[in-house]
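Just so you know, these numbers come straight off a predicted model, no measurement behind them.
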Amino acid sequence: MELLGYPFMQRALLAALLTGLIAPAIGTYIVQRRLSLLGDGLGHVAIAGVGLALLTGQAPLPIAVVVCVVGAVIVEVLRQQGKATGDVGLAILFYGGLAAGVLMSGIAGAGTGALSQYLFGSLTTVTTGDLGLVAVLAVVVLVLTIGLAPQLFAVSTDEEFARAQGLRVRVYNIMIVVLAAVTVTLAMRTVGLLLVSAMMVVPVAAAQNLARGLFASFWCSMAIGVVVAVGGAAGSFYADTAPGALIVVLAIVVFMISWPVSVLARRRRRAPSVEPCDDDEPELVSPHVAVDEGHPHEHGPNCGHARVRHGDHDDFIHEGHRHAVHADHYDEH
């Protein structure tokens, strides 16, 4: 409760909570598209937005959101038109955004030191205005990622199948990268631009180990994200360290725990299930019952009863049952 007595920690914990929700939510689709490093590229573009904000004297968060969204859309459109592969697009995001951000920060006289709080996160820099913008955009991200989950999963898993189903694949792909860009910039206060990609990937990977099915892992990843984000933000207050580093370390610890759990679960599912016998339950009766020695009829080739071949011997149909000669008696089944 001591944490809640500080207004900056109240804002920081709320921002961490929202980040823990939206980063795995959009990260699930990013992982399905096999673009796990997209968050890193978008983070570098957001650095260019921060540099532009320092150069123009504006609030960094809104400018970073706009710049990051524009950069993500440009790269995705180029990829869809075949003018840039995924690797080339990510390289443009990495180096172009980072270089532009550092250059503009230097021109503004702030230097690279002013960027450190955005690169690794800073609890004390979350303002009331920032928190309001984070809350509004987080609601938008959650509404779209949850409300359009079937369509986004279809597009992220198999574009050709989604196109055959009549889905507008290009629009949904652009929506995914735009939501990812918004998520990256919203997390720069808590996790930091260099580490936000881990929050989009690691909780998703841990959830896939613990849950079966896309939708189950989707909700599980959000739960893991909230726990590690809030826990890391609170822990960094006492450890006096950057919150992003502790949040990511906690996420990796959860992933390391989830891996052996998933291995044991898979082995248990493959193992045959054997129900223990209860002493109170009746014993199973063998289908073969020995007929009394005082059998009134002796079966044989000319006994008048129908014969049925059964393995290496003949069964005789008698009074609705099949009798088989067994030593000095008959088996009935």
Problem set entry | With sequence neighbours excluded, residues passing side-chain contact (heavy atoms from CB on, under 4.5 Å) with Leu210 |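 For Leu210 the side-chain contact (heavy atoms from CB on, under 4.5 Å) partners, ignoring immediate neighbours, are Cys220, Ile224, Ser258, Val261.
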
For a quick test of reading the model, state the closest non-hydrogen atom pair linking [X] to [Y] and the distance between them.
X	Y	value
Pro60	Ala53	CA-CB, 3.5 Å
Ile247	Val228	CG1-O, 3.7 Å
Arg11	Thr127	CD-C, 3.7 Å
Ala180	Ile26	N-CG1, 3.8 Å
Gly225	Pro24	CA-CG, 3.9 Å
Thr185	Ala64	CG2-O, 3.4 Å

Problem set entry | Derivation of the side chain to side chain contact (heavy atoms under 4.5 Å, CB included) call for Leu152 and Gln32 | CA-CA 10 Å; Leu152 296 180; Gln32 286 296 318; over 6 Å; no

Could you give the distance from [atom1] ([X]) to [atom2] ([Y]), rounded to the nearest 0.5 Å?
X	Y	atom1	atom2	result
Leu144	Met175	CG	CE	5.5 Å
Cys68	Ile63	SG	CD1	13.0 Å
Leu55	Leu103	CG	CG	9.0 Å
Gln58	Leu52	CD	CG	8.5 Å
Leu21	Thr183	CG	OG1	11.0 Å

Exercise. For Tyr172, which residues count as a ring-ring contact (aromatic ring centres under 6.0 Å, His included) partner, sequence neighbours excluded?
Worked result: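 So Tyr172 forms no ring-ring contact (aromatic ring centres under 6.0 Å, His included) with any residue.
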
For this session: Give the C-alpha distance, both sets of side-chain angles, the deciding distance and a yes or no for salt bridge (charged side-chain N to carboxylate O under 4.0 Å, His left out) between Glu159 and Arg168.
Result: CA-CA 10 Å; Glu159 288 189 5; Arg168 302 178 67 180; over 6 Å; no

With a 4.5 Å cut-off on side-chain heavy atoms, are [Y] and [X] touching?
X	Y	result
Ile22	Leu18	no
Val134	Leu61	yes
Leu193	His44	no
Val204	Met200	no
Met222	Thr28	no
Ile176	Ile30	yes
Ser105	Val50	no
Ile174	Val77	yes

Exercise. Does Thr157 reach the main-chain N or O of Ala154 with its side chain, forming a donor-acceptor pair under 3.5 Å?
Worked result: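 Judged by distance alone, no pair lies under 3.5 Å.
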
Exercise. So, the side chain of Arg33 versus the backbone of Ser156: is there a donor-acceptor pair under 3.5 Å, distance only?
Worked result: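 Checked: no pair found.
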
For this session: Report the C-alpha separation of Thr19 and Leu186 in whole Å, then their side-chain angles, then the decisive distance to 0.1 Å, and conclude whether the side chain to side chain contact (heavy atoms under 4.5 Å, CB included) test is met.
Result: CA-CA 7 Å; Thr19 302; Leu186 294 183; 5.6 Å; no

Could you state whether [X] and [Y] fall into the same hydrophobic cluster, counting links through intermediate Ile, Leu, Val, Met, Phe, Trp or Tyr residues with side-chain heavy atoms under 4.5 angstrom apart?
X	Y	answer
Val139	Val69	no
Val202	Met256	yes
Met9	Tyr238	yes
Leu214	Leu179	yes
Val182	Val140	yes

Problem set entry | Criterion side chain to side chain contact (heavy atoms under 4.5 Å, CB included) on Trp219 and Ile146, from CA distance to verdict | CA-CA 10 Å; Trp219 294 108; Ile146 297 173; 3.8 Å; yes

Problem set entry | Full working for side chain to side chain contact (heavy atoms under 4.5 Å, CB included) between Asn173 and Val177 | CA-CA 7 Å; Asn173 278 332; Val177 297; over 6 Å; no

Problem set entry | Other residues, nucleotides, ligands: >12 heavy atoms within 6.0 Å of Phe215 CZ |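 Yes, CZ of Phe215 has more than 12 neighbouring heavy atoms, counting only those of other groups under 6.0 Å.
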
For this session: Return the orientation label for the Phe153 and Phe218 ring planes: parallel under 30°, perpendicular over 60°, tilted otherwise.
Result: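 Phe153 vs Phe218 ring planes: perpendicular.
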
